[in-house]
Every structure is written in structure tokens, then in C-alpha cells.
Amino acid sequence: MTVSRTLFGRPLRGVAFDVAVSAGVLLFGLAGATNQPGGWAASGVGAAMAVALLFRRMHPCAVTVVVGTLALLQVIAGWGPLAFDVAVLIALYSVVKYGRRLRDGVLAGAVAAVGVLLAAAQTPAGISWWGTAMWYALVTGAVWLVALNVRTRRLYVLSLEERANTLEREREAESRAAVAEERTRIARELHDVVAHSMAVMIVQADGARFMLDRDPEQARTAVKVVADTGRAALEEMRRLVGVLRDAGPSDAGGSAVVSDPEHRRLALAELPDLLARFRDAGLRVQRRRVTGDAPALPPGLELTVYRVVQEALTNALKHAGVGADVEVTLAYTDDVVVVRVVDDGQGRPVVGPAPSGGHGLLGMRERVTVYDGTLTAGPRPTGGWQLEARLPLRSEPATEVIAA
């Protein structure tokens, strides 16, 4: 069973302390009420001052006004300073410490200074007026300064707590953003691995079904392409799972580098194998080479180049059709690497319904944008489709053009 630690919306410990303060003031006043002027009327006024202190935290300004008014009533009645007047100091302390604005405490201090003069004016004969006034002023000023110091420390602690809460919220927001970014990266990688391979497999499977009776040998070749593509997709999926399980550092493109040597990182050296798979799938990929040394690219940038080529060839197979001529060019200049894929759109239509479109171009554009690059894609005036991605280089590369 859970025990409530609040009372009327306030911490139980604070309520108990305020009750103890109020009761202490009441007992102190009654103890000093022997032969006091005013009799029971003065004691009633003092008791009202003590009761008002119960609300000093929630309504410090109102409590100060009530207590000050009752103290003024004592002065007007000529009862002189009473033991109950310690409530005035407690109310002054409360309004300085708990008041919303410091100027409320300053105003209360000014009113208390006037009250000091009024209280000193009722000093009995034979006692120094100036001495009494100085004593009241010192006590009141000390209470005010202590309250101001406590208020400053309280606000400082509150500011530290608020700063800590703000930092915690920022960390949580950053964590949520990192999770969202990681999910986007995983979705993009899954699209690259699954969608491209499945598109090739669907095209080849439909072609094999169409050619099964007319040309069994060609059908067997298509089935072999389906099996090889499936194995390659499974290997890439295995590599992706290894990346997600790896706790190593991530590159600039958001793809972690697998430390297991059994899993090779996708890089430009893999492009010939990629193009060979699309040739087996039926695309006539042209090859052009210009001498020169390629620069060492960051792993994430190499992966981006690889995925852009893969996506462009997949789109060519789906839309240009089997037998289409495709030219893939990878060109390096001093400050940029350019990936260009062009098809003539003259392939045979895909047998059966074409694989549905997805987020290929969007995913490529996101990858290229990570490296401050640009991507353009669209139909050519002479027919077919052209895609070009320009990726800035952060190092000084040599000049080479490679078209696999």
C-alpha cells in the first residue's frame, strides 16, 4: 500500500513544518501574554497572526499583508510590541524567500522599516528610543538579508535542476532522433538489398516461365540467374545483419564498418561483379575505361557510389527492359566524383506485371545528400533514361574515368 506524501497538493513535510512554526508562534505569544496590554483581545489578534502563517508558502504576499495589518492594529490600540509580533519577522522572511518577484520583498522590507519606527515609538518611559529602534532595525534587517540569501540559493538550485532537466530532455530527443535515423538507414539498406535483387529475380522468373517451352536452355539460364541473385542477396543480407550487430564506429554515411574479415565491405572493387550480375539478367552493359589512378574514398562514399549504380541498373532492368543498352560511367575530377548511368530504353518489355516502384530515387537522393552531393534523373530526348550523381571529394584525387 502506498502512503501519500502530499496534503492539499503540498508536500507533507512542508505542511508539518508550517504547522510547527504556527504553533510555536502561538505558544510563544501566549507564554509572553502575562499582564500584557489588551488582554484577551490582544491574544486573539496574536493568535490570528499565528494562524495566518500556515499559508505563508502558498500566499506569502497575502500573509504578509494580513500579519502586517494585525500588527498595525496592535500599534493603533496602544498595546505595544507583543511576543506575537515575531510573526511579522516570519512573514517578512517568507515573502522575500517565496515571493514571485523580489520587489515584493523589497516593498515588504520598506513597510517593515516603517513598522520598526512605529514599534519603537511605543517604547516605555525610561528606555532609550534610539536603542530600541536600532535593535528592531538590526533584527529586521538581519532577517531580510538571510531571507534574500536563502532566496538566491533556492533560485540557483532551481536553475540547476531546470538545466539538468533540459539537458535530459535534449539527450532524450537526440536519442530519439538517432533511433529514427538508424531506422531510416536500415530501411534504406533493406531496400537496396532486397528490392534490387527481388526485381532481378522477378524479371528472370517471368522470363523463364515464358521461355520454358520455347527455349528450355534459355529458361535454365534465367533460373540460374535467379538462384545466383538470391544467393548474392542472402550474402548481402547476412552482411547487413552483421553490420547491425557490430558495435564498432560508424562512417560519415551512417554505415558501420564490419570488423569481421569474413564479411567484405561493399566497395568500388565490387562493381564488376555487380555489372556481371546485371549482364546475366539481360542488360547489355557497356564498358569504357580511361587511364588514371582513383583516389582512396571514405567507406561510406564508396558504398554510396555502389548503391547508386545498383539502383540505376535495377531501374533500367525494370523499365527499359531486358536487352537494353546501358552505359555506366564513374568519373573522377580534382574535387568531385560523378556517377552516370544511361540506358537507351530499347529493351524487351518485362513479361508479366513490372515490379512496382518504391523509394529508389528518394533513397539515392538521401545518400547523395549526406555527402553534400546532387542527383539528377530523367528521360533523355533521344529515348531512354539518364541518371547522374555528383559527389564532392574531400581529398585531392587523381583523374580517372571508369565505366564498368
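In this chain, residues are counted from 1 in sequence order.
Taking every heavy atom of both residues into account, Val116 and Ala133 meet most closely at CG1-O, 3.7 Å. Taking each heavy atom of Pro272 and Ala269 in turn, the nearest pair found is CD-O, 3.4 Å. Nearest heavy atoms, Leu54 versus Asp18: CD2-O, 3.8 Å. In terms of heavy-atom proximity, Met364 sits nearest to Ala312 at SD-N, 4.4 Å. Residues Leu92 and Gly109 share a closest heavy-atom pair of CD1-N, 3.9 Å.
Put simply, the side chain of Leu375 does not reach to within 4.5 Å of the side chain of Arg367, judged on heavy atoms.
Although no hydrogens or angles enter the test, the distance criterion places a donor-acceptor pair under 3.5 Å between the side chain of Asn165 and the main chain of Glu161. Side chain of Trp385 to main chain of Val341: no donor-acceptor pair is present (N/O by atom type, distance under 3.5 Å, no hydrogens or angles). Side-chain atoms of Arg390 do not come within 3.5 Å of backbone N or O of Val338 as any donor-acceptor pair. At least one donor-acceptor pair under 3.5 Å links the side chain of Arg151 to the backbone N or O of Gly99. No donor-acceptor pair under 3.5 Å is formed between the side chain of Tyr306 and the backbone N or O of Glu270. Put simply, the side chain of Arg154 gets close to the backbone of Lys97: a donor and an acceptor are under 3.5 Å apart. Judged by distance alone, with hydrogens and angles left aside, the side-chain atoms of Ser94 form a donor-acceptor pair with the main-chain N or O of Ile90 at under 3.5 Å. The backbone N or O of Asp325 sits less than 3.5 Å from a side-chain atom of Asp344, completing a donor-acceptor pair.
Applying the side-chain contact (heavy atoms from CB on, under 4.5 Å) test to Arg380 and every residue at least two apart in sequence or in another chain returns Val342, Thr382, Gln386.
Ion pairing between Glu168 and Arg171 holds under the 4.0 Å rule for side-chain N and carboxylate O.
Counting heavy-atom neighbours within 6.0 Å of Arg100 CZ, excluding the residue itself, gives a total of 12 or less. Atom CZ of Arg153 has 12 or fewer neighbouring heavy atoms from other residues, nucleotides or ligands inside a 6.0 Å radius.
Remark: the Arg169 side chain and the Thr166 side chain contain an N/O donor-acceptor pair separated by less than 3.5 Å.
Note: Gln74 CD to Met49 CE = 5.0 Å, rounded to the nearest 0.5 Å. Rounded to the nearest 0.5 Å, atoms CG (Leu158) and OH (Tyr156) are 12.0 Å apart.
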Checklist entry - Could you walk me through whether Val63 and Val95 pass the side chain to side chain contact (heavy atoms under 4.5 Å, CB included) check? => result CA-CA 8 Å; Val63 169; Val95 74; over 6 Å; no
Checklist entry - Between Asn149 and Val146, does a side chain to side chain contact (heavy atoms under 4.5 Å, CB included) hold up when you go through it step by step? => result CA-CA 5 Å; Asn149 181 63; Val146 169; 5.7 Å; no
Next on the checklist: Set out, in order, the CA-CA distance, both residues' side-chain angles and the distance that settles side chain to side chain contact (heavy atoms under 4.5 Å, CB included) for Val339 and Leu330, then state yes or no.
Outcome noted: CA-CA 5 Å; Val339 182; Leu330 182 61; 3.5 Å; yes
